[in-house]
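Computation of the quantities below employed the complete heavy-atom set of this structure, encompassing side-chain atoms and omitting hydrogens, waters and symmetry-equivalent molecules.
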Amino acid sequence: MRALGLMILAGLTLTQTSQAQAPQTQAPQTQTPAAESTPVPTPRPVGTMAELMVRVIYPYSDAMFYIGRNPPRNDVDWEELQGKALALAEFGNLLMMPGRARDQDRWMRDARLLVEAGAAAYKATKDKNLEAVLALNSQLVDSCTSCHMHYRSNYGRRPPAQLPPQ
């Protein structure tokens, strides 16, 4: 009986030793309990769409629209304009985020137009090519008006003329 117990003990010891010496084929799990319970942050809008347009997108797009009035004079001006062009492209992505996108069809296509116009402006400003930036004006206007026609009520409709009192 004692011999049987020693054989079982020896067998278990050999099994444990061979498993400890065998190379591991899988990476050990290194997740901590905190990592498993930490929620993944999701983007959420902070300002309203009107605030985003008026306070952020309009000033950056105006820098492109009116570049002919006040063209960049030096590297600092070009770098500032380059940042605004990059921001315009990224604002298009921002418009596509959950909580901002009004739908997954027309809205996304219109926002993509802003991404493309901003990306083209970014490239032109990196190249310090004033003529290329000026040539993008209609592409940028189209990206804005396409969205506004679809999602701003009364866009493009003039209010009725007010007649002076008689």
Side-chain angles (χ1 to χ4, degrees), residues 26-165:
Q26 292 182 345
Q29 297 284 335
T30 58
Q31 290 182 334
T32 62
E36 291 173 7
S37 65
T38 304
V40 176
T42 57
R44 65 176 181 81
V46 175
T48 66
M49 185 60 69
E51 291 168 332
L52 182 64
M53 287 292 165
V54 171
R55 298 179 189 274
V56 181
I57 296 176
Y58 288 171
Y60 282 70
S61 62
D62 282 352
M64 299 303 133
F65 286 139
Y66 303 119
I67 189 174
R69 292 182 187 173
N70 188 20
R73 294 179 303 273
N74 54 44
D75 288 345
V76 172
D77 290 349
W78 276 110
E79 286 179 20
E80 181 180 338
L81 192 63
Q82 183 182 33
K84 290 178 178 179
L86 175 61
L88 275 178
E90 295 298 349
F91 293 154
N93 288 322
L94 179 67
L95 293 174
M96 290 188 265
M97 77 178 224
R100 286 245 182 255
R102 304 262 172 100
D103 60 57
Q104 294 297 306
D105 183 35
R106 183 81 236 181
W107 182 271
M108 298 304 245
R109 286 183 288 172
D110 288 344
R112 174 54 70 197
L113 292 175
L114 181 57
V115 172
E116 291 167 359
Y122 180 60
K123 181 182 181 329
T125 56
K126 282 180 77 169
D127 295 341
K128 298 180 184 174
N129 186 339
L130 181 61
E131 293 304 314
V133 177
L134 290 168
L136 290 168
N137 193 294
S138 63
Q139 183 181 354
L140 186 56
V141 167
D142 290 347
S143 74
C144 297
T145 57
S146 178
C147 188
H148 292 181
M149 283 188 327
H150 294 107
Y151 296 98
R152 283 186 63 196
S153 60
N154 297 322
Y155 179 76
R157 295 187 198 118
R158 298 183 80 135
Q162 298 291 324
L163 296 174

For this session: Search all heavy atoms of Met96 against all heavy atoms of Ala101 and return the closest pair with its distance.
Result: O-CB, 3.9 Å
Problem set entry | From Leu140 atom CG to Leu114 atom CG, the distance as rounded to the nearest 0.5 Å | 7.0 Å
Exercise. Considering all heavy atoms of both residues, which atom of Lys128 and which atom of Asp75 are nearest to each other, and what is their separation?
Worked result: NZ-OD1, 2.6 Å
Problem set entry | Non-neighbouring partners of Lys126 that pass side chain to side chain donor-acceptor pair (under 3.5 Å), sequence neighbours left out | none
Seminar exercise, completed: Leu130 and Pro72 have their tightest heavy-atom pair at CD1-CD, 4.3 Å
For this session: Please collect all salt bridge (charged side-chain N to carboxylate O under 4.0 Å, His left out) contacts where either partner lies in residues 140-156, sequence neighbours excluded, each pair once.
Result: none
Seminar exercise, completed: In short, ring-ring contact (aromatic ring centres under 6.0 Å, His included) pairs touching residues 102-134 with sequence neighbours left out are Trp107-Tyr151
Seminar exercise, completed: For Val46 and Arg100, the nearest pair of non-hydrogen atoms, with its separation, is N-NH2, 3.8 Å
Exercise. Side chains of Lys123 and Asn129: does their closest heavy-atom pair fall under 4.5 Å?
Worked result: no
Please tabulate, for side-chain N and O atoms in residues 84-94, each donor-acceptor pair with protein atoms closer than 3.5 Å (sequence neighbours left out).
unit_1 : atom_1 : unit_2 : atom_2 : d
Lys84  : NZ     : Glu80  : OE2    : 3.2
Glu90  : OE1    : Asn93  : ND2    : 3.0

Tabulate below the donor-acceptor pairs under 3.5 Å that side-chain atoms of residues 54-70 make, not counting sequence neighbours, or state none.
unit_1 : atom_1 : unit_2 : atom_2 : d
Ser61  : OG     : Ile57  : O      : 3.1
Ser61  : OG     : Tyr58  : O      : 3.0
Asn70  : OD1    : Arg73  : NH1    : 3.2

For this session: Rounded to the nearest 0.5 Å, what's the gap from OG on Ser143 to NE2 on His148? Could you check?
Result: 8.5 Å
Problem set entry | Which atom of Pro45 lies closest to which atom of Met97, heavy atoms considered | N-CE, 3.4 Å
Problem set entry | Under the side chain to side chain donor-acceptor pair (under 3.5 Å) test, residues paired with Thr145 that sit two or more places apart | none
Problem set entry | For Arg112, salt bridge (charged side-chain N to carboxylate O under 4.0 Å, His left out) partners two or more places apart | none
For this session: Hey, could you give me the SG/OH distance between Cys147 and Tyr155, rounded to the nearest 0.5 Å?
Result: 10.0 Å
Seminar exercise, completed: Sequence neighbours excluded, the answer for side-chain contact (heavy atoms from CB on, under 4.5 Å) partners of Thr48 is Ala50, Glu51
Problem set entry | Results of side chain to side chain donor-acceptor pair (under 3.5 Å) for Arg109 - residues two or more places apart only | Asp105
For this session: Return the set of residues passing ring-ring contact (aromatic ring centres under 6.0 Å, His included) with Trp78 (not counting sequence neighbours), or none when no residue passes.
Result: none
Problem set entry | Test ring-ring contact (aromatic ring centres under 6.0 Å, His included) applied to His150 - qualifying residues, sequence neighbours left out | none
